[in-house]
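As structure tokens, the structure follows; a few thoughts come after it.
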Amino acid sequence: MTLTTHAVVGGLLGAVASHNLALAGLMGFASHFIFDTIPHWDYHLSSSHEDDKDWLNNDIDASGKAFIIDLAKIGFDFVLGLVIVYAAFHSYSPMVLLGAIVGALFAIVPDPLQFAYMKWRHEPLVSLQKFHIFMHAKLKLKDRPLIGIASQAIIVIVMLLVATFIIPFN
Ligand SMILES: [Zn+2]
């Protein structure tokens with residue numbers, strides 16, 4: 001799932017739990033794995049090498065030109081997620097905004113941790129990666145970008161609508 005989608009989901013949960021930032025972070029982190037269970041589309045990363053038989057062998061080649069382009073895509077995805085979260089929550093109290101940002105960042109963090117695992121295959125990253133793979137939908141909508149993008153846009157819109165209904169202004 002794109003970082004933008006994860007960020008918005010984590011942002012909503014973090015805003016709801018903003019009275020307790022540790023809880024906001026925890027809920028954001030947990031939401032990553034729960035939302036990864038939904039079959040989804042991910043944009044192509046040319047530097048990524050996937051072993052369809054065993055995802056534990058997946059790797060990213062961080063030495064080539066492709067990686068720079070991939071980093072730009074990932075960076076755009078990351079910034080877009082944070083901009084949406086900021087735009088959605090900045091008119092609430094500073095506490096709610098902070099909770100939303102903490103939730104969003106912790107919802108994103110499992111993906112950089114996958115990269116960390118690929119470059120340093122040791123515990124506790126191995127167990128975390130096994131868990132990430134276990135939770136991740138086995139059906140990937142790789143060749144269905146239209147459904148894939150639309151379904152994530154719907155998740156983002158629903159989360160933002162829910163936020164306007166359940167989080168009080170004060
Ligand atoms: Zn993930």
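When a ligand or atom number is given, it counts from 1 through the structure's own listing order. Excluded from the calculations below are hydrogen atoms, water molecules and symmetry mates; all remaining heavy atoms, backbone and side chain alike, are included. Model, not experiment: these values are computed from the prediction.
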Give a yes or no on whether Lys138 atom NZ has more than 12 heavy-atom contacts from other residues, nucleotides or ligands under 6.0 Å away. yes
Are Val109 and Ile34 connected in the hydrophobic side-chain network, where two residues link if heavy atoms are under 4.5 Å apart? no
Would you give the length of the straight line joining atom OG1 of Thr37 to atom CE of Met135, rounded to the nearest 0.5 angstrom? 6.0 Å
Please identify each residue that fulfils ring-ring contact (aromatic ring centres under 6.0 Å, His included) with His49, with sequence neighbours left out. none
Taken in chain and number order and not counting sequence neighbours, the residues that satisfy ring-ring contact (aromatic ring centres under 6.0 Å, His included) with Phe29 are Phe33
With a cut-off of 2.8 Å, which protein N/O/S atoms are close to the Zn ion (ligand 1), if we only count those under it? His32 NE2, Asp36 OD2, His132 NE2
Who passes ring-ring contact (aromatic ring centres under 6.0 Å, His included) against Phe115, sequence neighbours left out? Phe67
